Protein chains: 2
Amino acid sequence: MDLDTVRTFVAAADAGQFQEAAAELAITQQAVSKRIAALERTLGVRLFTRTPRGAELTIDGQAFLPHARELLRAAGRAVASVLPGSRPLRVDVISSRVAPSGLMRDFHRAHPEIELDVVMLFDIEAALAAIRSGAIDASFRAVAAPGRPLPEDIASVRVLDEPLQLLTGPAHALASARSVTVAQLAGHRIWMPGLAPGTEWAAYYDDLAAGFGLTIEATGPNFGSDALLDTVADTPALATFMGGQTRLVWPAGHGLRRIPVTDPTPVYPHSLLWRRDNPHPALVTLRDHLAATATGHGAAGTWAPDWATGREGREGRVSRSRGGLRSGGSGG
Amino acid sequence: MDLDTVRTFVAAADAGQFQEAAAELAITQQAVSKRIAALERTLGVRLFTRTPRGAELTIDGQAFLPHARELLRAAGRAVASVLPGSRPLRVDVISSRVAPSGLMRDFHRAHPEIELDVVMLFDIEAALAAIRSGAIDASFRAVAAPGRPLPEDIASVRVLDEPLQLLTGPAHALASARSVTVAQLAGHRIWMPGLAPGTEWAAYYDDLAAGFGLTIEATGPNFGSDALLDTVADTPALATFMGGQTRLVWPAGHGLRRIPVTDPTPVYPHSLLWRRDNPHPALVTLRDHLAATATGHGAAGTWAPDWATGREGREGRVSRSRGGLRSGGSGG
DNA sequence: TACGGGTACAACCGATGGTTGTGAGCCAGG
DNA sequence: CCTGGCTCACAACCATCGGTTGTACCCGTA
């Protein structure tokens, strides 16, 4: 099915006759007639009853019309999603395993009128390059690995510290625990497939493992969360970390357990990054929304790497006081 | 833009390479390459980065992908809307000026999983023919004009008595009234464009006018509710009837008034009609929903034509007692 | 009975979009 | 280091599709 044909159908339905629709579309009446006939042939139903004074919709045509309009609207949105000028706000959310995609869902609920496109880039380097080139408008990332300060033209604001949870199958040794301490995890195998070396994401887990003596295996490609959950559910000796605010499509009957981690609670520090001179109007709305809904970070009893908190030190930091919302470079 | 091309894009994005996508679509790899190249040319952006091991999405490609999927879903729904087997429930709602379209919106809110198509047929004769032929599944109509009983194979149930309201512009003589009696309307011009003779809809207003000595003009073609509202708003001597439960797109700044009519209140008696042997599963759901949400009819102080109430008499009938939900032929 | 409005059919023809054949780039393995 | 296997892209070819023009037909009206 060709969208030009659908457009022709809608034009003919609106005009009530083929001739006028042909004029609108800058083609001949015969071409309209052929297009409609072809559409009717592919659908297997008659869409118009031809009369000497024009063409009016059959019942099937009436039923088809709103769907045809919706089809054209969808096509328009699809084209707009890649149009350079005034395209939808394009945001990188790391992965579906952590909270930013949930934050974007909240934002969409609060501002359904704002067109959004969500993408997932490889790491913060790719995200920064994409932000600087204008390919994306914003990115949720943990920022500022040591020795790699943000470029001058990129602004950031901390929006969420997401507590990690342990995800285990029903036969895991810790499956029945209501919560576990980080110290208890030492010696257990924790599997994080798809954790590519060199990414800020891998750096986080490296620091976490080094700081508390954990064993985190990053082996194997990432076949998606379904495969990961399957494996974890069936392997008693295997567990994985997952963002505490992640909403997954939960496979039924797996007996998977989500167990809070304490003493301290490792949190993943999400910041929003954007280019200061990005003029996209929806970007301001997104920042305002996040500022209004952001839960505090740096809460007592949590842990995050030093390079992400902006403080000095090698071993990561356990927060003992509750902090507020702090900008790493407001404005834009 | 061609939907086959979009389908090819989605297949290639899912497969991660052109070759496999080509196999799925039963075309050659070269054809996929050409289609993608054409799509990229029309969109003006690169969708894939070609690598020696396949093709992966660019950021633009990632942003485009969900829109492309939605486009294909919309196309599927559009085709399904006219597919003979198991197509969406197709209901005739008379016109946008009266309540049935609102009832269908309510039904859609209550059962969003049921695919609906709403059509508007000319009159009850067309509706009955469409119901008998299977072209539509149900129709909201005022039934059984005198001497024309419903065919045996058509069932009906009274679902709503919709009170009429007077619609006037700000300069109309009755504009400031909080309500008007039917007797007060005598002598005023009431305009109902598009009221085609011979329809059950016109018969209703004929009876109303004859029974109470009103002047109802059906002159002129119906240019849609926008044009009607414009004219009524600007013409002090003109008013029109409108269903009391009709939700219109209300033009701002027109100063239009909706005035209840009393003593008695003319009500338009909507029944749902369907073919007894129609097997569409959603039809039962619709009837149950209407039975559960139907407001009483035959309420005290209302008026409806005799032929619509099923009682004898020439002059219409003013109900003095409150009735319940009565079926004119349950089952199906 | 012509006329003017509409649509459909036939003939024609260029552009579209498929095929096959081939080349270039990259990676793994001998 | 070269080769084989995998990928995608380009070239040539050709059938089909979808546009155009010209014409026939139908109906309401002057």
Side-chain angles (χ1 to χ4, degrees), chain A residues 1-58 60-62 64-65 68 72 75 122 196-197 220-221, chain B residues 1-58 60-62 64-65 68 72 75 196-197 221:
Chain A
M1 186 156 42
D2 180 28
L3 287 183
D4 279 338
T5 305
V6 177
R7 221 179 305 278
T8 305
F9 165 77
V10 171
D14 286 343
Q17 59 178 39
F18 291 2
Q19 201 115 258
E20 194 179 324
E24 271 181 36
L25 300 170
I27 57 177
T28 62
Q29 165 266 318
Q30 289 89 335
V32 171
S33 179
K34 272 177 125 179
R35 283 185 182 180
I36 300 292
L39 184 59
E40 288 177 330
R41 188 154 19 87
T42 63
L43 292 176
V45 298
R46 187 143 267 249
L47 296 171
F48 289 97
T49 55
R50 280 73 163 175
T51 77
R53 287 175 311 289
E56 56 190 30
L57 288 171
T58 62
D60 283 314
Q62 281 190 52
F64 186 70
L65 180 57
L72 296 181
F122 182 65
Chain B
M1 185 156 42
D2 181 25
L3 288 183
D4 279 337
T5 305
V6 177
R7 222 179 304 278
T8 305
F9 165 76
V10 171
D14 287 343
Q17 59 177 35
F18 291 2
Q19 201 116 259
E20 193 179 323
E24 272 182 37
L25 300 170
I27 56 176
T28 61
Q29 165 266 318
Q30 289 87 336
V32 172
S33 178
K34 274 176 123 178
R35 283 185 182 180
I36 301 291
L39 184 60
E40 288 177 330
R41 187 152 23 84
T42 63
L43 291 176
V45 297
R46 187 142 270 249
L47 296 172
F48 288 98
T49 55
R50 279 73 163 175
T51 77
R53 287 176 310 289
E56 57 191 30
L57 288 171
T58 62
D60 283 313
Q62 280 189 54
F64 186 71
L65 180 57
L72 297 181

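The figures that follow rest on heavy atoms only: side chains count, while hydrogens, waters and symmetry mates do not. Proteins get letters first, then strands, A, B, ... in listed order; numbering begins at 1 in each. Small disclaimer: the values here were computed from a predicted structure and weren't measured.
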Practice problem: Report yes or no: does A/Gln29 contribute a side-chain atom to a donor-acceptor pair with the main-chain N or O of A/Phe18 at less than 3.5 Å? | Solution: no

Quiz item: Are any of the side-chain heavy atoms of A/Glu20 and A/Asp14 separated by less than 4.5 Å?
Solution: no

Quiz item: Given side chains that start at C-beta, do those of A/Val10 and A/Arg7 come closer than 4.5 Å, heavy atoms only?
Solution: no

Quiz item: Any sub-3.5 Å donor-acceptor pair from A/Thr58's side-chain atoms to A/Arg46's backbone N or O?
Solution: yes

Practice problem: Using a 4.0 Å heavy-atom cut-off, write out nucleotides 8-19 of chain D from 5' to 3' as B (base contacted by protein), S (sugar-phosphate only) or - (no contact). | Solution: BBB-B------B

Quiz item: If only atom types and distance count, is the side chain of B/Glu56 paired as donor or acceptor with the main-chain N or O of B/Thr51 below 3.5 Å?
Solution: no

